[in-house]
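First comes the structure, then the notes that go with it.
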Protein chains: 2
Amino acid sequence: MTSGDSETIDPGVATPLWRQLAAILRARILRGDYPPGRVMPSEKQLEQEFGLSRNTARRSVALLRDEGLIVTVAGRGSYVADPLPDEDEG
Amino acid sequence: MTSGDSETIDPGVATPLWRQLAAILRARILRGDYPPGRVMPSEKQLEQEFGLSRNTARRSVALLRDEGLIVTVAGRGSYVADPLPDEDEG
DNA sequence: TCTGATTTGTCCGTATGTATG
DNA sequence: TCATACATACGGACAAATCAG
């Protein structure tokens with residue numbers, strides 16, 4: 001239990017908080033906690049759950065979006081993307 | 001006055017400016033000017049109040065932090081630490 | 001259409017951490 | 001010792017998009 005894939009944010013380590021949060025959310029997605037198509041926690045919820053500012057939470061979400069793990073829709077939220085099944089999906 | 005416990009910075013003495021500033025801040029904390037839990041003056045404020053550069057002020061803050069007198073929170077500021085009840089100071 | 005609540009988008013200001021010259 | 005630059009982090013403000021009534 002000394003691994004770095006914990007589910008908590010630790011301000012005492014060198015890794016930026018937004019990268020720690022991104023790692024947590026990424027793990028939840030890959031684990032299936034947030035299945036494809038499911039809406040992600042809102043930025044405000046991430047604020048409250050992890051005790052971060054909204055801007056910091058937003059950076060985490062932006063990273064996952066850049067990785068293609070989630071899709072963000074203004075005014076609605078971020079959704080877990082489909083895990084790229086195939087090109088011939090139609 | 002004219003001793004080493006003045007409230008002013010004197011560039012004409014051998015003691016580094018950051019040590020002089022640290023002595024001033026330390027005195028203020030121990031005197032109760034900055035009570036426990038209270039936020040310390042920002043580095044920018046120390047800059048302006050004592051006419052030093054930010055880096056110099058930072059070294060003073062780092063010394064007090066190393067002494068356990070204050071606690072620094074990234075992106076927020078430094079706070080006066082709670083006094084240790086049983087500290088063997090000699 | 002309008003209103004209100006929620007959510008994301010954008011911008012600004014402040015402060016510390018670190019690095020460089 | 002000082003000046004500058006960038007990264008990290010927090011907080012607030014306002015706008016735009018979405019949705020429910």
Side-chain angles (χ1 to χ4, degrees), chain A residues 4 6 8-26 28-29 34 36-81, chain B residues 4 6 8-26 28-29 34 36-81:
Chain A
S6 170
T8 56
I9 301 287
D10 183 3
V13 301
T15 305
L17 305 185
W18 62 274
R19 286 192 181 276
Q20 294 185 43
L21 176 55
I24 292 175
L25 297 179
R26 188 186 305 110
R28 288 182 178 179
I29 292 175
Y34 302 145
R38 179 90 182 83
V39 65
M40 295 282 293
S42 70
E43 298 171 353
K44 172 157 291 189
Q45 286 176 320
L46 295 178
E47 249 188 78
Q48 299 167 345
E49 181 177 351
F50 295 96
L52 304 174
S53 75
R54 188 189 154 207
N55 277 346
T56 301
R58 273 179 60 76
R59 295 190 68 171
S60 308
V61 173
L63 178 59
L64 298 182
R65 182 168 56 247
D66 188 65
E67 294 175 352
L69 283 176
I70 64 176
V71 179
T72 301
V73 182
R76 292 184 60 186
S78 292
Y79 297 81
V80 182
Chain B
S6 170
T8 56
I9 302 286
D10 183 4
V13 300
T15 305
L17 304 185
W18 61 275
R19 286 192 180 277
Q20 295 184 43
L21 175 56
I24 293 175
L25 297 178
R26 188 186 304 111
R28 289 182 178 180
I29 292 174
Y34 303 144
R38 190 185 188 290
V39 66
M40 294 283 293
S42 70
E43 298 176 350
K44 173 156 292 188
Q45 286 176 319
L46 294 177
E47 242 187 84
Q48 299 168 344
E49 180 176 353
F50 294 96
L52 303 173
S53 77
R54 190 185 148 208
N55 274 352
T56 302
R58 274 178 56 74
R59 297 192 65 170
S60 307
V61 173
L63 177 58
L64 298 182
R65 181 168 56 247
D66 189 65
E67 294 174 354
L69 283 176
I70 64 176
V71 179
T72 301
V73 181
R76 298 185 58 185
S78 293
Y79 298 80
V80 181

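These values consider heavy atoms only, across backbone and side chains, with no hydrogens, waters or symmetry-generated copies.
Whole-Å rounding puts the F50(A) CZ to dC10(D) C1' distance at 18 Å. Here the P atom of nucleotide dT8(D) and the CG atom of L21(A) are 14 Å apart, to the nearest Å. Look at CG on L52(A): it is 10 Å from P on dG11(D), rounded to the nearest Å. In this structure, L17(A) atom CG and dA7(D) atom P are separated by 17 Å, rounded to whole Å. One atom, CG of D10(A), and another, C1' of dA9(D), lie 15 Å apart when rounded to the nearest Å. Rounded to whole angstrom, the span from the CZ atom of R19(A) across to the P atom of dT8(D) amounts to 7 Å. Per the geometry, CD1 belonging to I9(A) stands 14 Å off C1' belonging to dT8(D), to the nearest Å.
Annotation for G68(A) and A81(A): closest pair O-CB, 3.5 Å, computed over non-hydrogen atoms. Considering every non-hydrogen atom in both T56(A) and W18(A), the closest pair reads O-CB, 3.5 Å.
Contacts between residues 41-49 of chain A and DNA chain C, counted as heavy-atom distances below 4.0 Å, involve S42(A), E43(A). Listed by residue number, the members of residues 55-65 of chain A with any heavy atom below 4.0 angstrom from DNA chain C are N55(A), R58(A).
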Would you give me the side-chain donor-acceptor pairs under 3.5 Å for residues 45-52 of chain A, sequence neighbours excluded?
from   : atom 1 : to     : atom 2 : distance (Å)
Q45(A) : OE1    : S42(A) : N      : 2.9
E49(A) : OE2    : R28(A) : NH1    : 3.4
E49(A) : OE2    : R28(A) : NH2    : 3.2

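With sequence neighbours left out, the side-chain contact (heavy atoms from CB on, under 4.5 Å) criterion links E67(A) to R26(A), L63(A), L64(A), L69(A). Partners of S60(A) by side-chain hydrogen bond (donor to acceptor under 3.5 Å, both in side chains), not counting sequence neighbours: none found. By the salt bridge (charged side-chain N to carboxylate O under 4.0 Å, His left out) test, R76(A) is found to be paired with no residue, residues two or more places apart in sequence or in another chain being considered. Scanning for side-chain hydrogen bond (donor to acceptor under 3.5 Å, both in side chains) contacts around R38(A) gives an empty result, with sequence neighbours left out. R59(A) pairs by the side-chain hydrogen bond (donor to acceptor under 3.5 Å, both in side chains) definition with nothing, not counting sequence neighbours. E43(B) is linked by a side-chain hydrogen bond (donor to acceptor under 3.5 Å, both in side chains) to R54(B), R58(B), counting only residues two or more places apart in sequence or in another chain.
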Distances under 3.5 Å between protein N/O atoms and the N/O atoms of nucleotides 14-21 of chain D, please, pair by pair.
from    : atom 1 : to     : atom 2 : distance (Å)
dC19(D) : OP1    : R76(A) : NE     : 3.4

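Taken from CE in M40(B) to CD1 in I70(B), the straight-line distance is 5.0 Å, to the nearest 0.5 Å.
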